[in-house]
Amino acid sequence: MRNINGYLKNIIGAEFSKIFNVSNETIDNSSFVVEYPKNKSDGELSTNICMVLAKEISANPVEAAKTLIKSLEKIEDFEMLEVAGPGFLNFNISKDTWFRFLSQLLETNLLFNEEIGLNKNINVEYVSANPTGPLHIGHCRGAVFGDVLSNLLKVTGHNVTKEYYINDAGTQIDTLANSTIIRIKEIINSKSLEDYPDDFYPGEYLIDVAKKIIDKYGTSILENDNHFSTIKGECVNLLLENIKEDLSKLSINQDIFVSEKELITQGKIDKTIDELKNMNLIYKGILDKPKGKQIEDWEPRKQLLFKSSEYGDEIDRPLQKSDGEWTYFANDIAYHYDKYLRGSTHLIDILGADHGGYIKRMSASIQALTNNKARFTAKLCQMVKLISDGKELKMSKRSGDFITLSDLVKEVGSDSIRFMMMYRKNEAPLEFDFKKVTEQSKENPVFYVQYAHARISSVLNNLHSQNIKLNLENFSECNFSELNDLSEISLLKKILDYSNIINTSVSLFEPHRIAYYLYELASEFHSLWSQGKVDNSKKFIDADNIPRTYARMALLIATQRTIKSGLDILGVSSPDEMK
RNA sequence: GCGUCCGUAGCUCAACUGGAUAGAGCAUCAGACUUCGGAUCUGAGGGUUGAGGGUUCGAAUCCUUCCGGGCGCACCA
């Protein structure tokens, strides 16, 4: 029973069910909560059970609360029970109860429920950038989000596969190969082209790629009959290696990289489309012309369509191009089905906002193929707006003019980037001020949190240098009731709130909550620390009062472990000293 | 036009999926400390949550109609 809210909820629910003769199931299915009220004058804790279930027992919530109080008063955890407002039940719990949970936390080192996802196989697909160039800031957000979400799912007991889908088929890759061939020619002839074709990737990184290919195959590479497909393959490999390297600089290391091209050559697309055909979900038809968007060469055309509209999409979606090739969508259907066949029952895609219109059709195909056995969740990351000197930096892949992820990590550092990306909820646009983060790094909240961790290490060092010997591995001899300051209890409550934050974050797939929580936790700690500066008796270490010092060390260690746990999930380091 | 995300303090953002008096940081102003490391702390001012209507004990949150913005809208990925 390591979660205090869950513990109290069980007790209150059980009493309620006994008194009003309501089944446990009814209570479990209600939206009844035990929470910390915003306003401290409303007590330490609060429950809405009487309001939520008033109709169920056809009683006035205030009267019900009064009855419930009489019963809860007999239980020793509860103090100061009172009815407030329309039927809230506010109360305090005894200090001993708080201390019991602190003691348990220190003893077991379990900060939250690590078995939420027991036996659940989740696949998280993220980044999946086309291997046509280096990663830039636009990729950064989804990359960090996917990685943190994966971490969060893992520590809560899920089996997680972190996956990257390589779009190594299709016309963009042909363009890539053609652009590289132009660079190879330039190198061989030692002179630049005057006019590049319209569909040319101008980035200088392709010159490096061209050089490496010449190094490997010699200057006669272009005379080889198979040179196009050879070069195509080499381009993808080289650029993918760069991408992996960049990701690892951000501490992102995915488990599986799946090639679109291989799915095609293995015949998985045809097989999947056949299955849809057997389910009678495919037909030949003509789509209406899209409204609101001018398309010059639009003409009615009969196409192979998937009946996604039967599963909530607006219209049916094409599977085959006019040249007979499968569409990207067709390939993607097969890809997602493949994830399911490999054993994942929950597929999560981390997508950029520009893919928002894609979700319904994807969801439709997964529902159809897995007969609703697989769950699909798409998390959209809104765009990152890059600001410098108060102006927005526009990025253009066409001109090859963008700030690479690699440069950003070099300038700002992995910890700052990761924390910054998580210090916002994913569906809100993010403004990333380049100048602010690089030049005035003090404004970055990550340092505030890390500083709290480092300060605690510093106190522990100090304990050592003052030659005070305490058992910091086992606190069974510690008298927690020495913690009698309001701020200390407040910090303790915050620590015990961590498991609630983890529960919420994982159930809503909203890891940003952890970043905000850590900031608040650090704030409680810094505040307590500062009290010791004005009042010596409030310093954590008091050589004349060892029992009290011991209890405070227990509190600090619990704080530090919680900070470290949260930062670990965010993939941010927990330094023992700030440089 | 359709779909989708968003609109909260001067700025950047939260708000435990319907809870009580909507909170932080930055900026502004006023304070604290001969530091268990000042990358710190305390306090003040700042709001009709874009607008109207609805649902109920209760709405920033759900429904609806507007207004404003981002993204997307056959045979690209």
Evaluation steps, side-chain hydrogen bond (donor to acceptor under 3.5 Å, both in side chains), between A:T132 and A:Y201: CA-CA 8 Å; A:T132 55; A:Y201 289 143; 4.6 Å; no
Whole-Å gap separating [atom2] ([N]) and [atom1] ([X]):
X: A:I315; N: B:C75; atom1: CD1; atom2: P; value: 10 Å
X: A:D199; N: B:A77; atom1: CG; atom2: P; value: 14 Å
X: A:R361; N: B:C75; atom1: CZ; atom2: C1'; value: 13 Å
X: A:I49; N: B:G19; atom1: CD1; atom2: C1'; value: 15 Å
X: A:F432; N: B:G25; atom1: CZ; atom2: P; value: 21 Å
X: A:Y498; N: B:C16; atom1: OH; atom2: C1'; value: 15 Å
X: A:L319; N: B:C76; atom1: CG; atom2: P; value: 13 Å
X: A:F525; N: B:U42; atom1: CZ; atom2: P; value: 13 Å

Return the nearest nucleotide to the side chain of [X]; candidates are [options].
X: A:E427; options: B:C57, B:C6, B:A77; result: B:C6
X: A:E314; options: B:G3, B:G25, B:A39; result: B:G3
X: A:N48; options: B:A32, B:U40, B:G19; result: B:G19
X: A:L380; options: B:C41, B:U4, B:C75; result: B:U4
X: A:V534; options: B:A20, B:A32, B:A74; result: B:A32
X: A:R455; options: B:G38, B:A77, B:C36; result: B:G38
X: A:Y519; options: B:G19, B:A24, B:U40; result: B:A24

Sticking with atom [atom1], work out how far [N] lies from [M], rounded to a whole angstrom.
N: B:G3; M: B:U65; atom1: P; answer: 10 Å
N: B:C75; M: B:A59; atom1: P; answer: 46 Å
N: B:C71; M: B:A27; atom1: P; answer: 31 Å
N: B:G70; M: B:C62; atom1: P; answer: 23 Å
N: B:C67; M: B:G53; atom1: C1'; answer: 15 Å
N: B:G19; M: B:G52; atom1: C1'; answer: 24 Å
N: B:U55; M: B:C63; atom1: C1'; answer: 7 Å
N: B:G1; M: B:U61; atom1: C1'; answer: 29 Å

Using heavy atoms to find the nearest nucleotide of RNA chain B for A:K360 and A:W326 separately, return the residue whose nucleotide is more 5′. A:K360
Residue pair A:Q531/A:D576 against RNA chain B: nearer the 5' end by closest nucleotide is A:D576
What pairs of nitrogen or oxygen atoms, one from the protein and one from nucleotides 68-71 of chain B, lie under 3.5 Å apart?
residue : atom : partner : partner atom : Å
B:C71   : O2'  : A:A353  : O            : 3.1
B:C71   : O2'  : A:D354  : N            : 3.3

Using a heavy-atom cut-off of under 4.0 Å over every strand shown, decide if [X] touches base, sugar-phosphate, or nothing.
X: A:A454; answer: base
X: A:E577; answer: base
X: A:F329; answer: nothing
X: A:Y36; answer: base
X: A:I501; answer: nothing
X: A:S458; answer: base
X: A:L508; answer: base

May I ask you to establish whether A:K385 and A:F432 are in a cation-pi arrangement, using a distance under 6.0 Å from NZ or CZ to the six-membered ring centre and at most 45° from the ring axis? no
Would a 4.5 Å heavy-atom cut-off, applied to side chains only, mark A:F419 and A:V449 as touching? yes
Could you check if a side-chain atom of A:H336 sits within less than 4.5 angstrom of a side-chain atom of A:E125, using non-hydrogen atoms only? yes
Looking at [N], I'd like to know if its phosphate oxygens (OP1 or OP2) sit under 4.0 Å from a side-chain N or O belonging to [X].
X: A:K289; N: B:A74; result: no
X: A:S505; N: B:C16; result: no
X: A:Y451; N: B:G38; result: yes

Base of [N] paired with side chain of [X] (donor-acceptor, under 3.5 Å):
X: A:S46; N: B:A20; result: yes
X: A:N90; N: B:A20; result: yes
X: A:K533; N: B:G38; result: yes

Quick one: sort the [X] and [Y] rings into parallel, tilted or perpendicular, breaks at 30° and 60°.
X: A:F540; Y: A:F525; result: parallel
X: A:F20; Y: A:F16; result: tilted
X: A:Y519; Y: A:Y423; result: tilted
X: A:H355; Y: A:Y358; result: perpendicular

Salt bridge (charged side-chain N to carboxylate O under 4.0 Å, His left out), that's the test. Do A:E427 and A:K425 meet it? Break it down for me. CA-CA 6 Å; A:E427 63 261 17; A:K425 69 182 164 211; 5.3 Å; no
Atom pairs, N/O to N/O, protein against nucleotides 10-15 of chain B, distance under 3.5 Å?
residue : atom : partner : partner atom : Å
B:C13   : OP1  : A:P429  : O            : 3.0
B:C13   : OP1  : A:E431  : N            : 3.3
B:C13   : O2'  : A:Y516  : OH           : 2.4
B:A14   : OP1  : A:K425  : N            : 2.6
B:A15   : OP1  : A:H512  : NE2          : 2.9
B:A15   : OP2  : A:K425  : NZ           : 3.1

The correct list of stems in which RNA chain B takes part (3 or more consecutive Watson-Crick or G-U pairs, distances under 3.5 Å) is B:1-7 with B:67-73, B:10-13 with B:23-26, B:28-32 with B:40-44, B:50-54 with B:62-66
Please check if atom NZ in A:K261 has more than 12 non-hydrogen atoms from other residues, nucleotides or ligands closer than 6.0 Å. no
May I have the step-by-step check of salt bridge (charged side-chain N to carboxylate O under 4.0 Å, His left out) for A:E488 and A:R548, ending in yes or no? CA-CA 12 Å; A:E488 290 167 347; A:R548 180 143 170 72; 3.4 Å; yes
Which of A:Y165, A:Y164, A:F329 passes ring-ring contact (aromatic ring centres under 6.0 Å, His included) with A:Y335? It is A:Y165
Could you say whether the aromatic ring of A:F88 and the base of B:A20 stack, counting only centre distances under 5.5 Å and plane angles under 30°? yes
Ring centres within less than 5.5 Å and planes less than 30° apart: is that true of A:W529 and B:C36 in this structure? yes
